[in-house]
Protein chains: 2
Amino acid sequence: MHIPDGGEPKSRRGRGVTMQDVGRMAGVSQVTVSRALSDPAKVSPDTLRRITQAIEATGFVPNALAGALASRRSGLVTALVPSITNIIYASMVQAFGLRMRDAGYQILLSETGLTLEAEEETLARHLSRRPDAVLLTGIHHTARTRRMLLASGIPVVEVWDFTETPIDACVGFDHAATGRAVGDLAADLGHVQAATVCAGDERAKRRMAGFATQFTRRGGQAVLELGYDDQASLAGGRAALARLLDEMGFDRGLVFCSSDILAHGVLIEAQARGLRVPQDIAVVGFGDQEFSDATNPPISTVHVDREAFGRAAAEALLSGIEGRRDGPAAIDLGFRILRRGSA
Amino acid sequence: MHIPDGGEPKSRRGRGVTMQDVGRMAGVSQVTVSRALSDPAKVSPDTLRRITQAIEATGFVPNALAGALASRRSGLVTALVPSITNIIYASMVQAFGLRMRDAGYQILLSETGLTLEAEEETLARHLSRRPDAVLLTGIHHTARTRRMLLASGIPVVEVWDFTETPIDACVGFDHAATGRAVGDLAADLGHVQAATVCAGDERAKRRMAGFATQFTRRGGQAVLELGYDDQASLAGGRAALARLLDEMGFDRGLVFCSSDILAHGVLIEAQARGLRVPQDIAVVGFGDQEFSDATNPPISTVHVDREAFGRAAAEALLSGIEGRRDGPAAIDLGFRILRRGSA
DNA sequence: CTGTTAGCGCTTTCAT
DNA sequence: ATGAAAGCGCTAACAG
C-alpha cells in the first residue's frame, strides 16, 4: 500500500511544506518533527535544534486540519450569538474568546439572528468542524439543536439567560427579576404612571413584563407598553417618548427601556421638549453601557457584568473539556440596579 | 457531559457516525454517500432516498475536517480586526461574513489588538487551519506577516485603509483626506480656532494630522491637539472639552474628534456648561454612527459605508478564490462629509 | 450510476 | 530518543 519514497520526492502539487519535508531536511523522520512540536522535551537538544532550523528555513506551518483529524481534537470552540454588532454580545464574546485563547482554543463565531431555526442550521455547520465545545446564547432551542448537541457529546454552555435545567452548563441571570427590581424602584420613588419601551428579543420582553407586573402589584397604574421590532436606537428612544407623550396620554412618570441606548433617546427627547429629568420624566435603561454614566444626567440602569459572563462560560466549558466537571452546572451571576441621575 | 457508548456493533472508540456507516445502512459504498451529499444529481433517485433515510436515522454529521484535508479546501476564511467591540469593525465584519456565508464559507474571526506583532502571531495560528482566504485590517504589517501570506498563496484583502500597492487586494479609503476635508469645512465656516481630540489608532492620528495641516494652510490658527490612549468614550469626550476650555486656552471654535462618540461627549459637555452648539463650540465626529443624527443638535461627521467595505472585501476574495481576478486590486471607496447641526 | 484505489498530513501505538 | 505502521474520515481520479 504505502509506496516508499524512492529517493526523489514526487512532484508535489500542493504547495504546503509538510513535516515530512522538515524531517528530511533535519535528517529525522516525520514523527520526530511532530514530537518536537508537541513536546520538545521528548527529543534530544541537538535534534531539536536541527528541526527548528529546518522549520525556519522552509517556513513550515503545521496543518491543523490533519492534526485535528488524527487526534480527534480540533482546538475549535463554537460561539453562537444573535448579533456581533450588539455590544452586549460582542463584549461577552470578547471576554470569552480571551479566556479560551489562553487555553489554546480558537473561536468559531457565528451570528444566529433572531430565529431558533437559524441557530439550528448554523450549529449544524459548526458541528461539522468538530468543535471541542459550544457556547449558545439563550436557553430556548429547537429539538434538533438539542439532539445534535447531545449526540455530539461535547460540553455546551448556554449564556445570557438562566435555567436550572441546562443542556449541560448555564451562565446567566433572571431577566424577569431585573424588571421586577426596576418596578420596585419605580414604586419606591413614588411614581404613579409608568411606561416600557422595548426593542429587543424575547428576553427583553420578559424584563418589561416583570416590570409591569411588579409596578402594578405595588399600586402603580397600568403600564403603557411600547414595542419595536427594529434594533434599539437613539432615534427609536426619542420617537418612543414622543409617541408616549403625544398619542398615548403619558403625562409624567417613569419610563423603563430595554436598553441604555433607548433610555438615552428618551432622555434627549425629554430635554429637547424642555421637560426635566428626572422630575417630569424619569428614565431607567438596561445594560449599563459605557456611555451611561457620562450623559447629563447620568442614566439609571441595570448592570450585568458581561465580561464575567464570558469568562464564566469559558471556565464552564474548559472544566467540561478536561473532565473536571462531573455534571451539569447552572450559574446565576445576578445583576445590580444602578441608581443615577435619570431616575 | 458524558454520553454512554450507544452500544454500536463494532467497537468504535470515536462516537462519530461516518459515511461508511451511512453507506452500509443504505446498501451502498462510502463514496456514493459522499456524492449524494456533494452532488445529489449524480446519484439515482432511489439510492439518494435510501441514503437520506440513513443519514436521518443515524444523525450523521459530515466531518468537514476530513473533507478539507482531502480536498485541500477548508471552506474557512480568516478575518483579523483590531477589536470586535468597536462598532466600526463589527459592522464591517458582519457584512463581510454575510456575503462569505452566502458563498459557502465560514469566518474564523480573531482580534489582533493594537500591535502588528499580535497580528502576526494570530495570523500564524489561523494559517495552520488552512483558510481559503484572509481579510486583514489596515495596510501595515510585519515582514513575516507578509512573507507568510505570500507563501500561502491564497487571496488576501486589506481593508479600512488604502494603498496602491496591496499584498493582494485592498478596499479602503484615504484617512488623511477625510481630515483635510474637515479642515476645509472648518475654514469655510469661518472658524479661526480649532482643536482635535483623538482616541484611536494610527489611522485616527492620520485623520487628525490631515485636519491640522489643511486648517492652518487655509489660514486657521495652530490646532490644539489632544490625544488619549484609551478607547473612545462619552466621558473621554466630555473630559477633553473640559481640558481644552479650562487648561489649554481654547475659547471658541471647531473641535474635530476621531469618532462620533467623542464628538457626542464634547456636545454634552458644551451643553452642560451652557455653551451653544454650534455657535460657541462646533463639533465634527467621524464614522456616522447610528446615534449621530438623533442627538440634539445632530452631529456633523464623516460618513464611510462600513457595510460596503465588508461586501467589497468579500467580493475581492471570492473573485480571487475563483480565479476570476487576474492581479492585485486596489479599491478606494471614499467617504462623505455629512454636515448636520453641530458644525 | 457506482465502486475501487490512493492519498490529504498529521497523531497514536508499539517497537527498538 | 527515535522510527515504522496504522489509521483519522473524507475527496479525487479512474474504472467499469
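Convention: sequence-line order gives letters A, B, ...; per-chain numbering from 1. Values below: all heavy atoms of this structure, side chains included; hydrogens, waters and symmetry mates excluded.
Distance from the side chain of R35(B) is smallest for dC14(D) among the nucleotides dG7(D), dC14(D), dT11(D). With distances taken from any side-chain atom of S34(B) to the nucleotides dT11(D), dT12(C), dC10(D), the minimum falls on dT11(D). In the set dT11(D), dC10(C), dC10(D), the nucleotide with an atom closest to the side chain of N63(A) is dC10(C). Distance from the side chain of S29(A) is smallest for dG3(D) among the nucleotides dG9(D), dC10(D), dG3(D).
Heavy atoms of other residues, nucleotides or ligands lying less than 6.0 angstrom from CD of E56(B) number 12 at most.
Atom CG of L69(A) and atom P of dG7(C) are 17 Å apart (whole Å). With rounding to whole Å, R130(A) atom CZ is found 8 Å from dG9(D) atom P. Rounded to a whole Å, the CG atom of D46(B) is 12 Å from the P atom of dC1(C). Atom CD of Q30(B) is separated from atom P of dC8(D) by 12 Å (rounded to the nearest Å). Note: CE (M19(A)) to C1' (dG7(C)) measures 18 Å, nearest angstrom. One atom, CZ of R129(A), and another, C1' of dG9(D), lie 15 Å apart when rounded to the nearest Å. Look at CG on L37(A): it is 16 Å from P on dG9(C), rounded to the nearest Å. Look at NZ on K42(B): it is 10 Å from C1' on dC1(C), rounded to the nearest Å.
Between R99(B) and D102(B) there is no salt bridge, since none of the side-chain N atoms of the basic residue sits less than 4.0 Å from a carboxylate O of the acidic one. Under the 4.0 Å criterion applied to side-chain N and carboxylate O atoms, R311(B) and E315(B) are not assigned as salt-bridge partners.
If you check the side chains of Q106(A) and R129(B), you find a donor sitting under 3.5 Å from an acceptor.
Looking at heavy-atom distances under 4.0 Å, V43(B) makes contact with sugar-phosphate atoms alone, never a base. A41(B) comes within 4.0 angstrom of sugar-phosphate atoms only, judged by non-hydrogen atoms across all strands, and of no base. Within 4.0 Å of T47(B), counting heavy atoms only, lie sugar-phosphate atoms of the nucleic acid but no base atom.
In this structure, L333(B) and F309(B) have side chains that are in contact, with non-hydrogen atoms separated by less than 4.5 Å.
Taking the nucleotide of DNA chain C with the nearest heavy atom to each of G27(B) and A70(B), the more 5' of the two is matched to G27(B).
Between S44(A) and dA1(D), a side-chain N or O to OP1/OP2 separation shorter than 4.0 Å is absent. Taking side-chain N and O atoms only, T18(B) has no distance below 4.0 Å to OP1 or OP2 of dG9(D). In this structure, R72(B) does not reach the dA12(D) phosphate: none of its side-chain N or O atoms is under 4.0 Å from OP1 or OP2.
Rounded to 10 degrees, the angle separating the terminal helix axes of the helix from dC1(C)-dG16(D) to dT16(C)-dA1(D), each built from five base pairs, is 30°.
Looking only at distances, a side-chain donor or acceptor of R130(A) sits under 3.5 Å from a matching main-chain atom of L127(A).
When all heavy atoms are compared, the tightest approach of M100(B) to I107(B) is CB-CD1, 3.7 Å.
The CZ atom of R325(B) sits 10.0 Å away from atom CG of L318(B), with the distance rounded to the nearest 0.5 Å.
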